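Chain A is the first sequence line, chain B the second, and so forth, proteins listed ahead of strands; every chain is numbered from 1. Treat the numbers as computed from the prediction; the structure is a model and nothing was measured. Values reported hereafter were calculated over all heavy atoms of this structure, with side chains retained and with hydrogens, waters and symmetry mates removed.
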Number of protein chains: 2
Amino acid sequence: MLKHVQVREYVRALVTGSAPGSPAPSERELVHRFGVARMTVRQALDALVVEGLLERIPGRGTFVARPRQSVSRISGYTEDMNRRGLLAESQTLLARREQAGPGVARALNISEGDAVIHWRRLRRGDSTPVCIEDAYLNEILLPGFLQSGMPTSLYDALEQRGLRPTWAEDSITADRPTAEEAGLLELPVGGVVLRQSRRAMAGDKTVEVSRSVYRADRYTMWVQLGG
Amino acid sequence: MLKHVQVREYVRALVTGSAPGSPAPSERELVHRFGVARMTVRQALDALVVEGLLERIPGRGTFVARPRQSVSRISGYTEDMNRRGLLAESQTLLARREQAGPGVARALNISEGDAVIHWRRLRRGDSTPVCIEDAYLNEILLPGFLQSGMPTSLYDALEQRGLRPTWAEDSITADRPTAEEAGLLELPVGGVVLRQSRRAMAGDKTVEVSRSVYRADRYTMWVQLGG
DNA sequence: TAGTGGTCTAGACCACTAT
DNA sequence: TAGTGGTCTAGACCACTAG
């Protein structure tokens with residue numbers, strides 16, 4: 001294993017979970033611990049600084065950075081609702097193995113007919129219906145997912161498998177609901193909805209494709225662009 | 001001046017404008033040209049790689065990266081439409097100096113009553129109405145803007161003044177149009193719209209606050225999240 | 001004054017690419 | 001084979017911070 005990787009992962013393990021502002025080992029301390037040159041230690045720490053895990057303060061030391069609430073974290077419904085101070089609840093309407101149709105196959109970058117997990121949920125915020133979400137997951141990447149008991153937060157479950165999305169593209173439009181959607185969302189007559197399609201990737205693997213329909217009177221999407 | 005900064009800026013000047021894939025000077029060539037150590041050159045190039053300006057290919061060399069069509073570029077309507085292959089046209093409905101109301105003042109981070117430029121446009125794509133946009137600009141940052149003749153692209157005009165937005169937050173929701181909006185957008189009865197509110201910053205200066213209303217049947221918003 | 005990160009040197013060997 | 005970037009060494013001096 002490369003030395004700078006060893007040092008980097010040692011430090012990462014040491015500081016993950018530490019409170020922001022906690023000191024990381026000093027460069028010279030790591031030099032002695034690993035018996036490497038200081039440039040090697042700096043290479044390791046540089047990577048963690050670029051990641052946003054650490055920050056350096058000249059003359060003081062290296063510290064755990066406060067997580068920059070940045071674009072780089074892709075949120076799912078649960079996290080989104082919690083950030084709004086609402087309780088996220090979900091009711092599974094459907095969760096089964098299916099064969100990918102042409103659209104889902106193309107979006108997931110797999111072949112038509114390959115196995116996908118189709119998960120349809122009615123999602124509530126503080127007990128009132130907010131959203132219907134149809135998620136399609138690449139089953140190859142998630143063996144045993146359906147059998148393992150469905151989690152509340154898909155993104156938490158993906159994170160535990162090392163597949164938390166780091167990149168996503170959404171397309172968003174306004175529409176009127178279908179009769180079924182209006183029923184599930186308990187929409188008043190004349191209500192409108194926000195439709196969101198998402199393709200989410202973890203590294204170079206497409207893990208999720210989803211279509212969500214939100215009650216527009218209960219949900220405003222918030223998007224941050226740029227650094 | 002720090003040596004690695006000298007090298008970095010030399011290389012930046014050399015490659016900006018070069019086609020993606022063009023070779024940058026090799027590390028050893030820069031070592032000779034500047035009479036510095038290779039680690040110093042690597043420090044300079046590392047910064048440009050992190051910026052996304054260069055990419056390294058082991059065994060081959062360092063090259064101008066293809067600009068990662070990234071989140072970091074904030075687009076306005078004109079650029080957005082052009083990317084869709086549509087001709088962006090605008091009709092100014094209103095362009096005048098106003099006193100900031102409480103909401104606009106807070107969003108622009110100025111005081112109530114301060115001068116703002118209010119610019120209202122009907123925006124077309126391939127000659128059909130797509131959007132009504134109300135933009136409010138901080139007049140302090142844009143002296144003489146109203147007198148200089150209104151441009152087609154606000155973001156181009158801001159760029160020429162060194163104020164192109166690098167960060168923005170949008171909130172997006174679905175709604176039914178008002179009677180005035182339906183008229184301007186030539187919306188059929190029962191049509192729905194997408195409402196977008198934007199706050200855009202260039203560095204630490206808030207330059208634009210806008211509200212846009214899009215015909216949902218002619219416009220789907222596309223958003224890219226994460227790296 | 002002791003410790004920290006920031007910068008810098010002058011080499012070295014490696015795996016890989018292109019000719 | 002010559003050139004490239006990737007990794008690594010064993011030092012050095014600086015400005016800054018803290019006790």
Side-chain angles (χ1 to χ4, degrees), chain A residues 1-68 203-204 227, chain B residues 1-68 227:
Chain A
M1 180 67 87
L2 298 178
K3 295 188 178 179
H4 79 266
V5 174
Q6 282 181 39
V7 177
R8 192 221 304 151
E9 296 310 316
Y10 168 80
V11 175
R12 189 203 302 282
L14 206 61
V15 303
T16 44
S18 301
S22 310
S26 79
E27 297 181 356
R28 285 158 181 90
E29 184 184 335
L30 292 166
V31 165
H32 286 115
R33 178 182 297 274
F34 285 90
V36 297
R38 192 166 155 229
M39 286 306 302
T40 306
V41 166
R42 285 185 63 77
Q43 185 179 10
L45 297 183
D46 277 342
L48 297 174
V49 168
V50 167
E51 267 186 47
L53 189 63
L54 297 181
E55 65 181 330
R56 293 197 233 248
I57 305 180
R60 300 238 343 247
T62 305
F63 302 89
V64 179
R66 37 162 204 262
R68 19 175 187 187
D204 57 353
Chain B
M1 179 66 87
L2 299 178
K3 296 188 179 181
H4 78 266
V5 174
Q6 282 182 40
V7 176
R8 194 221 303 149
E9 296 311 316
Y10 168 81
V11 175
R12 189 203 302 282
L14 206 61
V15 304
T16 45
S18 301
S22 310
S26 78
E27 296 180 356
R28 285 158 181 91
E29 184 184 335
L30 291 166
V31 164
H32 286 115
R33 177 181 298 274
F34 286 89
V36 297
R38 190 164 157 231
M39 286 306 302
T40 306
V41 167
R42 284 185 63 77
Q43 185 179 9
L45 297 184
D46 277 342
L48 297 175
V49 168
V50 168
E51 267 185 47
L53 188 63
L54 297 181
E55 66 181 328
R56 294 198 232 249
I57 304 181
R60 295 223 306 140
T62 306
F63 302 89
V64 179
R66 37 161 203 262
R68 15 177 186 183

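At the phosphate of dT9(C), OP1 or OP2 sits under 4.0 Å from a side-chain N or O atom of Thr40(B). Within the 4.0 Å cut-off from OP1 or OP2 of dA18(D), at least one side-chain nitrogen or oxygen of Arg60(A) is found. In terms of phosphate contacts, Ser26(B) brings a side-chain nitrogen or oxygen within less than 4.0 Å of OP1 or OP2 of dT4(D).
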Show, in sequence, the C-alpha distance, side-chain angles and deciding distance for Val5(A) and Arg8(A), and conclude whether the side chain to side chain contact (heavy atoms under 4.5 Å, CB included) test is met. CA-CA 5 Å; Val5(A) 174; Arg8(A) 192 221 304 151; 3.6 Å; yes

Would Leu54(A) and Val11(A) count as a side chain to side chain contact (heavy atoms under 4.5 Å, CB included) here? Give the steps. CA-CA 10 Å; Leu54(A) 297 181; Val11(A) 175; 4.1 Å; yes

Give the C-alpha distance, both sets of side-chain angles, the deciding distance and a yes or no for side chain to side chain contact (heavy atoms under 4.5 Å, CB included) between Phe63(B) and Ile57(B). CA-CA 8 Å; Phe63(B) 302 89; Ile57(B) 304 181; 3.8 Å; yes

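Between the CD atom in Glu27(B) and the NE2 atom in His32(B) there is a gap of 13.0 Å [rounded to 0.5 Å]. To the nearest 0.5 Å, atom CG of residue Leu45(B) and atom CG of residue Leu30(B) are 6.0 Å apart.
Picking from dT9(D), dA12(C), dG5(C) the nucleotide with the shortest atom distance to the side chain of Met39(A) gives dT9(D). Nearest nucleotide to the side chain of Leu2(A), out of dC8(C), dC8(D), dT9(D): dC8(D). The listed nucleotides are dG5(D), dA10(D), dT7(C); the one nearest the side chain of Ala37(A) is dA10(D). The side chain of Arg42(B) sits closest to dG5(D) out of dG6(C), dT9(D), dG5(D).
Residue Glu29(B) contributes atom CD, which lies 15 Å from atom C1' of dA2(D) at whole-angstrom precision. Following rounding to the nearest Å, Glu27(A) (CD) and dA10(D) (C1') show an atom-to-atom distance of 15 Å. Put simply, CZ on Arg38(B) is 18 Å from P on dA10(D), counting in whole angstrom units. Atom-to-atom, CG of Leu30(A) to C1' of dA10(D) comes out at 17 Å; the value is rounded to the nearest Å. Rounding to whole angstrom units, CD of residue Gln6(B) and C1' of dC8(C) are separated by 13 Å. For Lys3(B) and dG6(C), the NZ to P distance is 19 Å, given to the nearest whole Å. Atom-to-atom, CZ of Arg28(A) to C1' of dC13(D) comes out at 11 Å; the value is rounded to the nearest Å. Atom pair Gln43(B):CD and dA10(C):C1' shows a separation of 16 Å (rounding to whole Å applied).
Of the two residues contacting DNA chain D, namely Ala24(B) and Val5(A), the nearest-nucleotide position lying further toward the 5' end is that of Ala24(B). Along DNA chain C, the nucleotide closest to Gly35(B) and the one closest to Ile57(B) are compared, and the more 5′ of them pairs with Gly35(B).
For dT9(D), the paired base is dA10(C) (Watson-Crick or G-U wobble, both distances below 3.5 Å). Shown here, dT1(C) forms a base pair with dA18(D); the pair counts as Watson-Crick or G-U wobble because both key distances fall under 3.5 Å.
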